[in-house]
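Every chain is numbered from 1 and lettered A, B, ... according to where its sequence line falls, protein lines coming before strand lines. What you are looking at is a predicted structure, and each value in this text was computed from that prediction instead of being measured.
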Protein chains: 4
Amino acid sequence: MSADMQGHNSVVGGIAVEKLRSYIERWERLDEEKRAIGGDQKDLMSMAKADGFDVRTIKHIIALRKKEPSEIEEQETLLDIYRRALGM
Amino acid sequence: MSADMQGHNSVVGGIAVEKLRSYIERWERLDEEKRAIGGDQKDLMSMAKADGFDVRTIKHIIALRKKEPSEIEEQETLLDIYRRALGM
Amino acid sequence: MSADMQGHNSVVGGIAVEKLRSYIERWERLDEEKRAIGGDQKDLMSMAKADGFDVRTIKHIIALRKKEPSEIEEQETLLDIYRRALGM
Amino acid sequence: MSADMQGHNSVVGGIAVEKLRSYIERWERLDEEKRAIGGDQKDLMSMAKADGFDVRTIKHIIALRKKEPSEIEEQETLLDIYRRALGM
DNA sequence: TTAGGCTATCCGCTAC
DNA sequence: GTAGCGGATAGCCTAA
């Protein structure tokens, strides 16, 4: 048997058990936080919807705000050209 | 031993082996076809790019063509309203 | 007006319309084929389910078959070691 | 001009601007928090890797821990049956 | 009305 | 740095 007391710093099959467990649990804790934030976001959009906003459009706006204005401009111009070419 | 000859209609662990194998292989074959088509699509866009087209914009156009014109109109109107409201 | 007859090889806003349209339509056609295959796959799994097979497990098997046996073995060994270390 | 002072509770195109802006900014803030946590998770796995752990296996363990033990057992049993049937 | 499956979207990862 | 890939998630729609 290992010289370590069971449950602390023990090594099983060449694995540092406590370290491994720590990594796993920290990951899970962070995951839980992300999940909670995701829940908040969902609530937020529910409220927006209840206020009469269109959620899809809000998300579209948020996506636009992530881009440089010049990039938006450029892409919209190009799209317009293609649409005109196709008669859309 | 089963009365069936090995390899045909045998049952292992309550599983009809040949039937199972057939389902799996047919799935894999279909998957392979999808993959091949995906390759064709990739080639197609490479050619378009070589012809000077903007692939991102083409994909955007394709997405637009999947929607009803009235739906496009509606969403663009809404987006415009929101953008104006936000001074974008 | 362009010297080209309308609808053939015309250029609008610097865009070779017919070429663009061709790329788009070929892409859409390929997409449609992919969709059809996806439908076949869906039917296939419905049949498997009706035959009493577990669809989730079949999909798992298919995923395994994509990997090298040595890779499967290696990963399962590692997973076992970790599970034992954690008392799972 | 609206009776509201500019920049507060104003309505543009029938849109309650400040409310909309608030929803958007709160969403973006939450997004930023999620992104930060994602970064922490990435760091965590880098550390685990540096400690000699296999990241893929750790993630697998984490996925297992999300499931009920009975569910794991059930799925593994089924998978085993299918694999044996197929001679894998 | 609720549960389940399907689709579309998004994210991180990986391989080039 | 980019594109394809796989996994996860949310919303939609159907069927019970």
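- Where S46(C) and R56(D) each meet DNA chain E at their nearest nucleotide, the meeting point lying more 5' is that of S46(C).
- Heavy-atom contacts from other residues, nucleotides or ligands closer than 6.0 Å to CD of E32(D) number more than 12.
- The CD atom of Q41(D) sits 14 Å away from the C1' atom of dC13(E) (whole-angstrom rounding).
- The interatomic distance linking K34(D) (NZ) with dC11(E) (P) rounds to 7 Å, in whole Å.
- Rounded to an integer number of Å, the gap from CD1 of I62(C) to C1' of dG6(F) is 15 Å.
- The interatomic distance linking L44(D) (CG) with dC13(E) (P) rounds to 12 Å, in whole Å.
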Protein-to-nucleotide contact annotation, 5' to 3' order, nucleotides 7-16 of chain F [B base; S sugar-phosphate only; - none; under 4.0 Å, heavy atom]: --S-------

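- Distance, D40(D) CG to dG12(E) C1': 15 Å, rounded to whole Å.
- Remark: D31(A) does not engage R35(A) in a salt bridge, criterion side-chain N to carboxylate O under 4.0 Å.
- Straight-line distance from the CD1 atom of I37(B) to the P atom of dC5(F): 13 Å, rounded to whole Å.
- Residues K34(A) and E33(D) have side chains not in contact (no heavy-atom distance under 4.5 Å, counting atoms from C-beta outward).
- Donor-acceptor pairing under 3.5 Å is lacking for the side chains of Q75(A) and D54(B).
- In this structure the side chain of L64(A) reaches within 4.5 angstrom of the side chain of R83(B), judged on heavy atoms.
- Hydrophobic clustering of Ile, Leu, Val, Met, Phe, Trp and Tyr side chains at less than 4.5 Å, counting indirect connections, keeps I58(C) apart from V11(B).
- The interatomic distance linking D54(D) (CG) with dC13(E) (C1') rounds to 14 Å, in whole Å.
- Residue D31(B) contributes atom CG, which lies 11 Å from atom P of dC5(F) at whole-angstrom precision.
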